[in-house]
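What follows is a short report on a single structure.
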Amino acid sequence: MANIPGITYRCKADSDWTMLYMSGGIDPLSGYPATDFINNKVRSYASVIHPDDRERLEQLVMEAIALKQSWVLQYRIMHKKGHLLWVEERGKAEFDDSGQLSFLDGLILDISEEKRLKRQLIKLTSQLPGVVYQYQQWPDGHAAFPYASAAIQAIYGVTPEQVKDDASLVFAKLYAADLPALAASIESSSRQLSIWQHEYRVCRDDGSLSWLAGRAVPERMPDGSTLWHGYIQDITETKQYYLQLENVNKELELARERLNTASENALIGFWQANLETGELWWSPVIYQIFGFNEGAVNPSATLFKSAVHPDDWRLIEQSEKTARETGIHDVVHRIIRPDGTIRWVHELARMLPSDTKQHILIGSVQDVTERMQLQQLKDEFISTVSHELRTPLTSIKGALGLVNSGTLGEVPESISKLLQVAQSNSERLSQLINDLLDIEKLIAGKMPFDLLAVEVEKELEYAVNNLQPYASQFAVNLQLGDVAPQLKITADKLRLQQVVTNLLSNAIKFSGKNSTVKIVADRQSEHVRIAVHDSGIGIASEFQPRIFERFAQADGSSSRQSGGTGLGLAICKELVEQMGGNIGFSSVLHQGSVFYFTLPLHPDSQPGKADKASDENTQ
């Protein structure tokens, strides 16, 4: 008996549990020797049982004796030093041949460490969002949850005690449509002793559904049942996000398919490029445009550069540089396909807004070879016609001027009016031809530029003085704003005057009587910005994208009455860009417009007071 773990005893069935025999294991458990308890020599065993547990124990033992059954009890023992220990007692009553109660035999084990670990487990599991559990299923189909943490109430709406011996309350909560798959997963795990893992739904008390995810490790028990040790958690919110994401992905995939279909039909490719890292992505159509084998190569900056015509790489670099400042990448250039054919493509992209220093362009590319060929044919035709008309038109204009001057004698008044109309129209035709020839030279890169240090204030004063008589014809006040005296730009004087004169004359034509047209200039970092302000009719929004195109004219009646070739702004754009600048405008219909252009600041420019003030305002 001494070798048996715990305490073995035989006692009388009295209120003190008078010990007839008690093993030495009582010594470390109570702090008192076993001899103290034999026949209540010093103290009774009942005296070391916690007072709050005595009545319960007596009642349970008496019930077990009456039923002639064994008992299993857990209660607390008060140690001699004052601390409490938990014990588990297993006992049984012994009866004589006549059925009279003789004595009680039992075994008492110290379960204090087990209780401590259980309390820790309860505390730990209470912090988990899901339920830690044991689920047991027997061959006859009976199932129970021998252990479940308190979170099972939040998961299934039942307490651990309610399902400790019968799991039917849990199964009643399951969504009917998910039951077959859940039962099959449990059966498969039991049969193969493989990890059980499944997602399913349960019905809440309010009628809504929640998603659960479970995972457990099975263990075969001696009685043939299977015991799973696992964890179940509520994944409703995650599942909803996942389902929403799945729907979004489906919509995105559908949109991508539509975009790819439209891209293939229109032969327009899409791309994304990181100007810092060189990373590049493009859509399948671009392989077709560039003549690459889609399965053989991956998009890269090196691959793209290898396809660009060597003479056009500078145009792309300049456009990318402009995109860093304006956010727009717009360039037409040539590519050389692997088979040696040369094609023209148009790249149009916008810079993504970013808080970092990354510059990412997203845009499109389209094969515009046919369009460029048609443009070239048109330019050649216009050039040929212009040259062929110039010589005879010069003679006609000269002859008309000589007749109208009166040098050849008086001309009848009726004929004089016709001759004046003819001379006026010959001059307009001559201007058109000159503009056409200028455009031809600019596009071909044959326009000569003499770039020197040009004093801005002096050149603007010259342009304003020259146009004052023209402004007077329209009753418009022409005004020059403050310009720093020593502000200089790098430009061609003749071409600068051509740009300024064109912008001023346009502003005068489209301004109302007694209005003011003002030209100003200020320094912006390493450039000088020259702007012409008017309060005229403005430009309709639908026409604004075409404002710098050749032969572009608004459909409004005012513009028609004002005449013009439709080439002036196109020439201005080419002139400014070939002098290293940019041109643009802003306009509100019926409120006026501002046309502006920038040119590089000359190194010799000395900023004066006005220039410094402008810098401060710009900042």
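Residues: numbered from 1 along the sequence shown. Values below: all heavy atoms of this structure, side chains included; hydrogens, waters and symmetry mates excluded.
Here the side chain of Asn274 pairs a donor or acceptor atom with the backbone of Thr277 at under 3.5 angstrom. Glu320 places no side-chain N or O within 3.5 Å of a backbone atom of Leu275 that could act as its donor or acceptor partner. In terms of modelled atom types and a separation under 3.5 Å, the side chain of Glu276 and the main chain of His359 share a donor-acceptor contact. A donor-acceptor distance shorter than 3.5 angstrom exists from the side chain of Arg337 to the backbone of Ile289, with no hydrogens or angles considered. For Thr369 (side chain) and Arg343 (main-chain N/O), no donor-acceptor pair under 3.5 Å exists by modelled atom type. Distance alone, capped at 3.5 Å, is enough to place a donor-acceptor pair between the Ser189 side chain and the Ser194 backbone. Using modelled atom types, no side-chain atom of Ser525 and backbone atom of His527 make a donor-acceptor pair closer than 3.5 Å. Thr326 places a side-chain N or O within donor-acceptor distance of the main-chain N or O of Thr322, the cut-off being under 3.5 Å. The backbone N or O of Gly269 sits nowhere less than 3.5 Å from a side-chain atom of Ser283 that would complete a donor-acceptor pair.
Applying the side-chain hydrogen bond (donor to acceptor under 3.5 Å, both in side chains) test to Asp53 and every residue at least two apart in sequence or in another chain returns Arg76. Scanning for side-chain hydrogen bond (donor to acceptor under 3.5 Å, both in side chains) contacts around Asp206 gives Ser208, with sequence neighbours left out.
Residues Ala46 and Arg54 share a closest heavy-atom pair of O-NE, 3.1 Å. Residues Asp330 and Ser319 share a closest heavy-atom pair of N-OG, 3.2 Å. Of all non-hydrogen atoms in Met78 and Pro51, the two that sit nearest each other are SD-CD, 3.8 Å. Across all non-hydrogen atoms, the minimal contact from Gly24 to Ala34 is CA-CB, 4.5 Å. Considering every non-hydrogen atom in both Leu193 and Pro218, the closest pair reads C-CG, 3.5 Å. Scanning all heavy atoms of the two residues, the minimum distance from Met19 to Cys11 falls at SD-CB, 3.7 Å.
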Problem set entry | Worked check of salt bridge (Lys or Arg N to Asp or Glu O under 4.0 Å) between Arg191 and Glu187 | CA-CA 6 Å; Arg191 186 175 60 256; Glu187 174 61 26; 3.7 Å; yes
Exercise. When you look at Tyr287 and Val297, which way does the side chain to side chain contact (heavy atoms under 4.5 Å, CB included) test go after all the steps?
Worked result: CA-CA 9 Å; Tyr287 288 98; Val297 294; 3.9 Å; yes
Problem set entry | Worked check of side chain to side chain contact (heavy atoms under 4.5 Å, CB included) between Ile335 and His309 | CA-CA 5 Å; Ile335 59 170; His309 194 288; over 6 Å; no
Exercise. Do Trp271 and Ile362 pass the side chain to side chain contact (heavy atoms under 4.5 Å, CB included) test, and can you show the C-alpha distance, the side-chain angles, and the key distance before you say yes or no?
Worked result: CA-CA 6 Å; Trp271 53 272; Ile362 292 183; over 6 Å; no
Exercise. Which is it for Ile328 and Met351 under the side chain to side chain contact (heavy atoms under 4.5 Å, CB included) test, yes or no, and what are the steps along the way?
Worked result: CA-CA 6 Å; Ile328 300 296; Met351 190 78 70; over 6 Å; no
Problem set entry | salt bridge (Lys or Arg N to Asp or Glu O under 4.0 Å) evaluation trace for Lys92 with Glu94 | CA-CA 7 Å; Lys92 186 178 181 181; Glu94 296 292 339; 5.9 Å; no
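Of the charged side-chain nitrogens involved, at least one lies within less than 4.0 Å of a carboxylate oxygen, so that Glu113 and Arg116 count as a salt-bridged pair. Note on Lys305 versus Glu317: no salt bridge recorded, every NZ/NE/NH1/NH2 to OD/OE distance being 4.0 Å or above. A salt bridge links Glu199 with Lys239: at least one charged nitrogen is closer than 4.0 Å to a carboxylate oxygen. Salt bridge status for Arg201 with Asp178: present, with a side-chain N to carboxylate O gap under 4.0 Å. The pair Asp205-Lys173 meets the salt-bridge criterion, with a side-chain N (NZ, NE, NH1 or NH2) lying under 4.0 Å from an Asp/Glu carboxylate O.
For the pair Lys164 and Phe145, the cation-pi test (distance below 6.0 Å, angle within 45°) is failed. Remark: Arg529 is positioned above the aromatic ring of Tyr596, its terminal NZ or CZ atom under 6.0 angstrom from the ring centre and at most 45 degrees off the axis.
Atom CD of Gln366 is separated from atom CD1 of Ile286 by 11.5 Å, given to the nearest 0.5 angstrom. Here the straight-line distance linking atom CG of Asp165 with atom NE2 of His142 works out to 7.0 Å at 0.5 Å rounding. To the nearest 0.5 angstrom, Tyr175 atom OH is 6.0 Å from Leu209 atom CG. Expressed to the nearest 0.5 Å, how far CD of Gln137 lies from CG of Leu227 amounts to 11.5 Å. With rounding to the nearest 0.5 angstrom, the CG atom of Asp27 is 10.0 Å from the CE atom of Met22. Rounded to the nearest 0.5 angstrom, Trp138 CH2 and Asp223 CG are separated by 7.0 Å.
In this pair, Tyr45 and Trp17 present their aromatic rings parallel. The plane angle is below 30°, not in the 30 to 60° band. Classification of the His198-Tyr200 ring pair by plane angle, with boundaries at 30° and 60°, yields parallel. Ring planes of Tyr32 and Phe37: perpendicular class, angle over 60° (limits at 30 and 60°). Taking the six-membered ring where tryptophan is involved, the planes of Trp228 and Tyr135 are tilted, since the angle between them lies from 30° to 60°.
Checked by atom type, the side-chain pair Gln100/Ser98 shows no donor-acceptor distance below 3.5 Å. Checking Glu237 against Tyr242 by side-chain atom types alone, no donor-acceptor pair falls below 3.5 Å. Judged purely by distance below 3.5 Å, without hydrogens or angles, the side chains of Asn40 and Ser44 never pair a donor atom with an acceptor atom. Checking Thr159 against Gln162 by side-chain atom types alone, a donor-acceptor pair falls below 3.5 Å. Side-chain atoms of Trp71 and Glu89 form a donor-acceptor pair, as typed in the model, at a separation below 3.5 Å. With no hydrogens or angles considered, a side-chain donor-acceptor pair links Ser112 and Asp110 at under 3.5 Å. His229 and Glu219 share a donor-acceptor pair across their side chains, judged by distance under 3.5 Å alone.
Proximity of Leu109 to Val87: side-chain heavy atoms (C-beta onward) are nowhere separated by under 4.5 Å. Under the 4.5 Å side-chain criterion, counting only non-hydrogen atoms from C-beta, Ile316 is in contact with Phe304. Contact annotation: the side chain of Tyr133 never approaches that of Ile155 to less than 4.5 Å [non-hydrogen atoms, C-beta and beyond]. Residues Tyr156 and Leu212 have side chains in contact (heavy-atom distance under 4.5 Å, counting atoms from C-beta outward).
Other residues, nucleotides and ligands contribute only 12 or fewer heavy atoms inside 6.0 Å of the NE2 atom of His590. Around atom CE of Met221, more than 12 heavy atoms belonging to other residues, nucleotides or ligands sit under 6.0 Å away. Annotation: Lys12, atom NZ; neighbour count of heavy atoms from other residues, nucleotides and ligands within 6.0 Å does not exceed 12.
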